[in-house]
Protein chains: 2
Amino acid sequence: MTHGWEDIRADVLRRIRSREWPPGGLIPGEETLAAEFGVARATVNRALTALAEAGVIERKKRAGTRVAELPVRRARLEIPVIRLDVLGRGLAYDFKLLADRMGPAPVPVTARLGLPEATPMRYLETLHLAGGRPFVHEARWLNPAALQGATPDFATISANEWLVTEVSLVSGDIAFTAEDASPREAEVLGVAPGAALLIAERTTHGTLGPITWVKLAHAPGHRVSMTF
Amino acid sequence: MTHGWEDIRADVLRRIRSREWPPGGLIPGEETLAAEFGVARATVNRALTALAEAGVIERKKRAGTRVAELPVRRARLEIPVIRLDVLGRGLAYDFKLLADRMGPAPVPVTARLGLPEATPMRYLETLHLAGGRPFVHEARWLNPAALQGATPDFATISANEWLVTEVSLVSGDIAFTAEDASPREAEVLGVAPGAALLIAERTTHGTLGPITWVKLAHAPGHRVSMTF
DNA sequence: TTGGCTAATATGTCTAGACATAATGCCTGT
DNA sequence: ACAGGCATTATGTCTAGACATATTAGCCAA
């Protein structure tokens, strides 16, 4: 009965779920568990580290390991390139570049990126198509100062895809909201004005500073799903 | 110098970002890196394992480690109990139980949970309030067969919170969509019918089978944000 | 009582070595 | 040429021991 670290993780999880080790309670130390399972302490440590990353337990030096009071559920979202998202649904992908111009970025954009007001940025508007039908409307402000080297022709490769593969992103955040379709979005997506749209707003930062702010307006019925 | 596994992770990440190791390319083996950094192989392994979990590299036995072609961005969503979400925004929390009855669950619900059609389930409708104003409307179908022991008075503790703390959840999924407010939702949330609402639909499964399906309709303006 | 120092302790990390496992690709025999 | 089998190799995991680090409890002094 050799125990791998995954077996130990499973067994600890079982005891937590069965309330043998109740929420908020201390669980035995690594040394104790190692003796009980008949493995080295490092193996127990591997298992408990994984559980801590999953939010099931909380570990503190000297204080020991305790079961999380309110097990925060963590769901992982995998953000694909839009092209692959569409192809993954078994539909043909295409996109149209609707606008590409330089101009002073609006205040909400510069504010979120931490740039001075009215910083000159590049505005790109793209409509992504799935099976010939509107899929996502993308409105993007790009900070040229954060890009080294030449940018490609965004009518040939979508900004969405080029950024993911060619630019060194460091960090970012994504927020989902629901909004009534603006007249422009309604027209481009081919829906009634005021229809409920799922909006994803993303900011990304790179080594050379803030890179881009993008608002993705999804066609009605779009689902973003995650597992936990 | 580089000594800890986090330093090594950072350095490998830097080389990937600088294109020293380009996307799709093989990176040196653990033994080589260990010698280069002057650490044990296990330390390099720790660093590379972390990067693989983050989706930056892909590792295969015998084939080696290569930089991911399309670095799938993974964002982590922490799903809090609604009460804590509200309190975290600095607002007072309250909730009202609007409905609590048994009845045959609708087909979409049983289908998603993998239960026979018209399984008798408990329907709970709750309005969560933040600072006295409607925050989230919760429509929940609960499978009594998957719950062992007594259920509490859901007028005293919200189902949302009780389930998280008292039931052994095993797995589940969550999906976000945007929907026009139904007449019922509009009335309860105090918004115009047809207003765009951010919807979160969750199913959860436990050791005794499917536990619950819930639809959360958020008040306009609600943002669900994640970092990556 | 209060503040700060100290020792004890549980987790965090590292090492060196070993064996396990899964792909790969070569090397057979047909 | 081809299929199957086998050796090679890089990652995956484990061990036993050591030292590092954070945190707490207790003690002592002002």
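Keep in mind that the numbers below use all heavy atoms, side chains included, and drop hydrogens, waters and symmetry copies. Letters A, B, ... are given to chains in the order of the sequence lines, protein chains preceding strands, and every chain is numbered from 1.
One can place CG of B:Leu48 at 8 Å from P of D:dT11, the figure rounded to the nearest angstrom. In this structure, the CD atom of B:Glu53 is 13 Å from the C1' atom of D:dG12, given to the nearest Å. As rounded to whole Å, 11 Å separates atom C1' of C:dT13 from atom CD1 of B:Ile8. Remark: C1' of C:dA10 and CD1 of A:Ile27 are 12 Å apart, rounded to the nearest angstrom. When the C1' atom of C:dA16 is taken as reference, atom CD of B:Glu30 falls 15 Å away, rounded to whole Å. Between the CZ atom of B:Arg46 and the C1' atom of D:dT13 there is a distance of 14 Å, rounded to whole Å. Across the protein-nucleic acid pair, A:Leu51 atom CG and C:dT11 atom P stand 13 Å apart, rounded to whole Å. Look at NZ on B:Lys61: it is 12 Å from C1' on D:dT9, rounded to the nearest Å.
With respect to A:Glu36 and A:Arg41, no salt bridge is recorded, no charged nitrogen being found less than 4.0 Å from a carboxylate O. Taking a cutoff of 4.0 Å between a charged side-chain nitrogen and a carboxylate oxygen, B:Arg202 and B:Asp173 do not qualify as a salt bridge. Between B:Glu201 and A:Arg223 there is a salt bridge, since a side-chain N of the basic residue sits under 4.0 Å from a carboxylate O of the acidic one.
Taking only side-chain nitrogens and oxygens, A:Thr65 never comes nearer than 4.0 Å to OP1 or OP2 of C:dA10. For A:Asn45 and C:dG12, the shortest distance from a side-chain N or O to OP1 or OP2 is below 4.0 Å. Contact check, A:Thr43 against D:dT13: no side-chain N or O comes under 4.0 Å of OP1 or OP2. Taking side-chain N and O atoms only, A:Arg59 has no distance below 4.0 Å to OP1 or OP2 of C:dA10.
Mapped onto DNA chain D by nearest heavy atom, A:Arg62 and B:Gly29 fall at different nucleotides, with B:Gly29 at the one closer to the 5' end.
The side chain of B:Arg41 sits closest to C:dA18 out of D:dA18, C:dT15, C:dA18.
Relative to the ring axis of B:Trp5, B:Arg46 places its NZ or CZ within 45° and under 6.0 Å from the centre.
Nearest heavy-atom pair, B:Ala68 versus B:Pro23, reported as atom, atom and distance to 0.1 Å: O-CB, 3.8 Å.
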